Every structure is written in C-alpha cells, then in structure tokens.
Number of protein chains: 2
Amino acid sequence: MKISKVTIKDVAREAGVSISTVSNALNGVDVLHPDTKEHVLKVAKRLNYIPNLNGKNLKSSATKVIGLFITSLKGPYYDQLVDAISKECEKFGYELNIFITKNDRTALSNILGKRVDGAIISNEFIDEMDVLALEKAEIPIVFIDRERVSKTSASVVFDSYKGGQDVARYLINLGHKNIGYIRGYDHLYDDIERYAGFRATLEEAGIGFNEENLLVGYFEEDASFSAVKAFVKSGKELPDAIVAANDLSAIGCIKALKSEGILVPKDISIISFDNIDLSEYFSPPLTTVNNPIIRLGKLTVESLLGIIQGKTEGKLEKLQGSLVVRDSCSLNKNVLIR
Amino acid sequence: MKISKVTIKDVAREAGVSISTVSNALNGVDVLHPDTKEHVLKVAKRLNYIPNLNGKNLKSSATKVIGLFITSLKGPYYDQLVDAISKECEKFGYELNIFITKNDRTALSNILGKRVDGAIISNEFIDEMDVLALEKAEIPIVFIDRERVSKTSASVVFDSYKGGQDVARYLINLGHKNIGYIRGYDHLYDDIERYAGFRATLEEAGIGFNEENLLVGYFEEDASFSAVKAFVKSGKELPDAIVAANDLSAIGCIKALKSEGILVPKDISIISFDNIDLSEYFSPPLTTVNNPIIRLGKLTVESLLGIIQGKTEGKLEKLQGSLVVRDSCSLNKNVLIR
DNA sequence: GCCTTAGATTAAAACGTTTTTATTATTTCC
DNA sequence: GGAAATAATAAAAACGTTTTAATCTAAGGC
C-alpha cells in the first residue's frame, strides 16, 4: 500500500557510494571530489530524494525552524504581527512554523521535543512552571506576552502601561471626568497593563473611577457591541468618554452606541489601542494609541536569532507607542459651556 | 553549556526498568502490570520527561499533526479560513501546523520529510511536477486552490466560476453594459475562475468587454486603490459598473473613487466576492458573493482526516456561494432614463 | 512435581540521518 | 623509493524512539 520512500541508502546504492558520501555531498561538506559530489547530487535529484527530517533532526539537532506559539491568529493585530515575524524569519533563512494552541502541552512538547530551534511565545496559557522548565532547558525563547528574561529567554513587549497613561491623560485634558473602560481579558499582559496605567493616571489626577462603568469586551468587536448595548439599555448614566482595550472593541462599542442613536464623538468620546488599519477609515476615524506591531515582530525575531546563534543573551525590550489623534474624541461639553 | 535533556533512558534508569517498559507505559500499550505502569508514569512526571518527537516520528511515522501550507495569512479571508481549519483539527485531536511559504521546497520537504501525517495546500507555488510527486508518494493531501484528485488527494474549492456568472448576470439585469473588472492574481484558481465565469456570461448575453477596463488589484486594498486612482486620473471613460475580484479590492476601489469625487453606487456600481465581515459595515455596504469559508475549512479537514484514516478516497468538492445584495450597486442611469 | 501457558519484562533491531573514526589510494618529500 | 602527509571514501557509532522477538517468572493442568 504505502509507497516505499526513497532514502539516503537508495541514493547511495544507486550512485555506488557510501551513505556518508551522500550525506556529505548533500550538505555541502567540502571534502569530496567535485566529480563524485556532482554525480551524487545528480542521482539524488533523479530519484527525487528528500531527506527525512526526523532522522536528520534526531542527529544534528539544528532544525533551522523557529516556532510561533500563539493562541489565535484572528484579527488585524495578529495579521500584522505574524506577517512581520514571517518575513523576518525568511530574511534570515529560517523556516517559521506556527502553532495555534490554547493548550500549553502542545507547545511544551513541540519545543522540548526538539522540532524547533527556538520559539516565539504569545500564549498566556503556558504557565509559570512550564516557562521555568523551558528556561531550565536553555531553549531560546522570546515572549511577547509577558516580561520574562533569562540567559536564553527574552521579552519584547509593547509598553501598554504607558499607553494606558497616555489615553487617560488625553481624555483628562479634554475635560472628561466620568470615564468608562472596556477591558479585554484580565489575564493578558496588555490588558492588565493598559488598565493599570489608566487607573493610576486617573488616581494621580484625583479623578474617581466608577466600577459600574467597567465593561468587558474580550478584545472583540461583537462582544464589545453586546456589552455596550446592554449597558445603554440598562438606562445607566452614560460616561463622557470610554477607553476600549483595543480598536476592535472601540468599533463594536461605537456601532452599539450608533444603533442606540448616540453619536461619537458628539455625545461621547471613544479612544482605544493598536491603530490597526481599519481604525483609519472607520467612521469616525479612531483616536488610538499606535502599537508598533511590525517593529515588534522584527525585533522579536532578531532577538531570538541572536540567542539561537549564541550572540546575545535574553533581555527585555519595551516598545513605545504614540497617540494618533483622529476624530473619535472631543472636548467635554460641560467644559465648553463653563 | 546545553543542559542535558532527559530521555527515555533516564526515565528507565530512574524507575529501574527497561526502556521498552517505559515506552509501553507512556503509550498506553496495555501489557504492563498496573503497578509498574503507574510507577513509571510517576517517575516520568517527576523528571519532567518529554519525548523527543524526532526519535518518536522516525520510528512510528504517525505524527498526529496536519500541515497547512499557505502563501499568506493576511486579510480577513485567511483569518476565517485558518480559524475554521484550526478548530476542526483540534476537534479531532490533531495538531495543526501552519507554514507560510511561497517557496515550494519547504512544503515538499516538510511533507515528504514526514513531519506531518497529511497536508492542506493553498499554495499556488507548488507546481504540477511536485504535486505529482506528492500523489505518487501517496501522502494524504487536500488542495483548496486547485482541482486535483487522486486516491490520496482531494480538493475542496469554492465555485468561483459560478460566482463570476452570478455577478455578471446581476449587473446585466441592472442594465449595465459597460463593465470593468479588477483582477487579483491571474495564476490563482479563484481569480481565473471568477474572471472566466464573468467573461463567459457577458459573451452569452452578447455584451462586449473593453480590455481597457481590466485592472489588476492583487486581491489587496492598496493595490486596487492605486490602480483605480490611476485609471480615473488617466481621463478614460468610466465604466457603469466594476467587478472586483474580492471585497478588499472593492474597498480599495471605492476609496479611490470617493477620493476623486465619484460616488458609489450613484455614479458607478461595484460588486465583489467573499463577503468578509468588513463588507457589511463598510460604507456603502458591499453587494458581494458569499463565500462559505468556514464550511470550506471544515470540509477540508474532514476530507483530509478521511483519507489519513483510510476511510475515504480523494474527491472533488465544489462549494456554492450566493449573492448578498447590499448597497454598492444600483440600476444603470441610462436604463432609468429610457 | 513436571510441562505448558500466560503474564510481565527486557534485549535487540530498526527507523534515517550525521558525524567521528577508520581505511585506502594518492601525492609529496628528502 | 620508502615514509609521511594528504586526499578521498567508507565503516561504524550515535541520536531517541517504537516494536518485534526473546527471556524470565509465576500460574495452571494433569
């Protein structure tokens, strides 16, 4: 049934040489007579020989592949991130291998199971203990969802805390005092940091936060839509402004408001994070904190390759964003009147 | 430097049994005394043993992973597709492993190099000869970018030809005669089929096509924007309607027109393919052909697993879409006047 | 109590490579 | 022209598993 696969042995037999010679010819170890090398290569090609990677990686454990372990690829944020990472890997001659997984075991088993030379991890489900195991095994890793540094593991993150501060300050400067917040997932680095920065800044400014105005949108458009819709329907007093944990949430939020006849930014200001492409041509164009996703992706790969090649040790890099002002926020009406 | 990895041998030594016993215990081969099994498992856990996948797959070549070989993940279309595929794999206990590659060699080498049990291929760069090699090797494969069937390879495609016919008929019924077209990539199945269906329908209706109205937008928003912008700037007579090869192209097209003061659908009708989420809330909401992406993804995985498990042979499945009428098309003004 | 059988475990072969070491053939040196 | 160095190739060990075949021990059968 199963067609017998052509192995290095077959090539050796067909070419009339030993398997070591074939291996050397194929891997460019410059020790062979040019004629034999050429001959072997020709035979290998004729037989359509393709090396078994399991055999190969079993012996010489450099796979030349880096693994990206991520919980989801959905949405424009990951689009950009993955694209940047992929391009950068290609540039350096590494293969990228993406694993979508919420299950930390598949990550562990693929990383420690030596299918990759190094890993990029954006997977909050890998818990502290497993991270420790990875560090102990001294496998090159870059985290983009947590701050974690060792000799062989680095972190590249967006300075979300600073982002949270920025949006809070911006809204405060516009005269807003009653500010709501739509969180994403409260176990995610970016969500935690953004919210923390926001709250801290409010506190510094002596402005209170009404816990009733804290919604949850799971970084998604639909969930945010529902949450906001429900809030409005409940008849509670609307805040002057709302911070959304990411642009997608802001979009869901604005759509919900719109469906209830509430206008942005006239009746309420909305501000968010990421600056995805869509935020520019959504109506209204979103005021948002630019997240340098592409640079983050590039740096991640560079950092990882540095560790893999033994050139650098793990370190923490925190990338700064900047506020992109568009049309979704306006001065507080009360301030205007005053 | 490199920390020595714990292998099955270490577990065996520590547990005071042979490596075969460890292997049997770990893989649930029911031949061991329950007590030994339990003991071995406990030791393995204590040592944090994780099997080397290369060693494992070298011997017993069932990897329980399926590979997705795809040229790009960018854009909402692939978002949905990959998400559907991923969920379906998980459902059946298979690991999904995504390779972004324009380079057919990495695909070939990973598939024939036995890192996967089967492959889903959406990669036009894999040429006919290599496809033949894959079929000859009898490796389970499902193509979603071409029609190709053998005992171990299947195809699941969207009926793009029919889609092309549908949009053409719809525009003709609205009274349009001078119709333009924005193609994607003319080596891609969906692009070829859509355009062919469109042209054939025009011909049947006795309506000519002006080759000057054929633009190229590479399935992207930006490229389409530029192409349309250039067309308008050139001063050529605008068609009554334009078919865009996908929604993203339509969006770029509409934005370009808008920037030149041309209104959709008042001045010109735009129709496209895919029905991505965005098409609903873009302004104007797009009239487009619904592409059952999620069903396509599910069917792909089911089909592949059927082949892997030897239950089914390869077959061709062609999924039908349907026109979703929104606001980007209108009756031809000339018809109205008449 | 001996022989067979079943149950439990182990030893050894195999998977397809790379790499280290060994072998053979050729050249260089004086 | 023989020893030593060099070049070219091959043999064998190793990587970490699974699996097949072999061994050992205890249990039954008579």
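Just so it is clear: chains get the letters A, B, ... in the order the sequence lines come, proteins before strands, and each one is counted from 1. Basis for what follows: all heavy atoms, side chains included, without hydrogens, waters or symmetry-related copies. For clarity, every value in this text was computed on a predicted model and none was experimentally measured.
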Under a 4.0 Å threshold between the charged nitrogen and the carboxylate oxygen, would [Y] count as salt-bridged to [X]?
{"X": "A:Glu90", "Y": "B:Lys102", "answer": "no"}
{"X": "A:Arg146", "Y": "A:Glu124", "answer": "no"}
{"X": "B:Arg148", "Y": "B:Glu128", "answer": "yes"}
{"X": "A:Lys74", "Y": "B:Asp83", "answer": "yes"}

How many Å lie between [atom1] on [X] and [atom2] on [N], as a whole number?
{"X": "B:Leu26", "N": "D:dT17", "atom1": "CG", "atom2": "P", "value": "9 Å"}
{"X": "A:Asp30", "N": "D:dA7", "atom1": "CG", "atom2": "P", "value": "12 Å"}
{"X": "A:Asp35", "N": "D:dT9", "atom1": "CG", "atom2": "C1'", "value": "14 Å"}
{"X": "B:His39", "N": "C:dA8", "atom1": "NE2", "atom2": "P", "value": "17 Å"}
{"X": "A:Asn24", "N": "D:dA7", "atom1": "CG", "atom2": "C1'", "value": "13 Å"}
{"X": "A:Lys37", "N": "D:dA7", "atom1": "NZ", "atom2": "P", "value": "16 Å"}
{"X": "A:Leu58", "N": "C:dT18", "atom1": "CG", "atom2": "C1'", "value": "10 Å"}
{"X": "A:His33", "N": "D:dT9", "atom1": "NE2", "atom2": "P", "value": "7 Å"}

Has A:Asn27 got a side-chain N or O lying under 4.0 Å from the OP1 or OP2 atom of C:dT18?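 Yes.
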Are B:Ser23 and D:dT19 close enough that a side-chain N or O sits under 4.0 Å from OP1 or OP2?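 Checking B:Ser23 against D:dT19: no side-chain N or O falls below 4.0 Å of OP1 or OP2.
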Check the side chains of [Y] and [X] for a donor-acceptor pair under 3.5 angstrom, ignoring hydrogens and angles.
{"X": "A:Ser20", "Y": "A:Ser23", "result": "no"}
{"X": "B:Asn54", "Y": "B:Arg115", "result": "no"}
{"X": "A:Thr300", "Y": "A:Ser303", "result": "no"}

With respect to the side chain of B:Tyr49, which nucleotide from C:dT19, C:dT10, D:dT17 is positioned closest?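 Minimum distance to the B:Tyr49 side chain belongs to D:dT17.
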Sidechain-backbone polar pair: A:Asp117 side chain, A:Ile66 backbone, donor-acceptor under 3.5 Å: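 Checking the backbone N and O of A:Ile66 against the side chain of A:Asp117, no donor-acceptor pair under 3.5 Å is found.
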Does B:Lys59 or B:Leu32 map to a spot on DNA chain C nearer the 5' end, using the closest nucleotide for each?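 Final value for this comparison: B:Leu32.
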Cationic tip of B:Lys64 within the cone over B:Tyr94's six-membered ring, i.e. under 6.0 Å and within 45° of the normal?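 Yes; both conditions hold, so B:Lys64 lies above the ring face of B:Tyr94.
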Using a strict heavy-atom distance below 4.0 Å, which residues from residues 7-22 of chain A are in contact with DNA chain C?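 DNA chain C contact set from residues 7-22 of chain A: A:Thr7, A:Ile8, A:Ile19, A:Ser20.
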Once you build an axis from the first five pairs and another from the last five of the helix from C:dG1-D:dC30 to C:dC30-D:dG1, how far apart in angle are they, to 10 degrees?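 About 50°, once rounded to a multiple of 10°.
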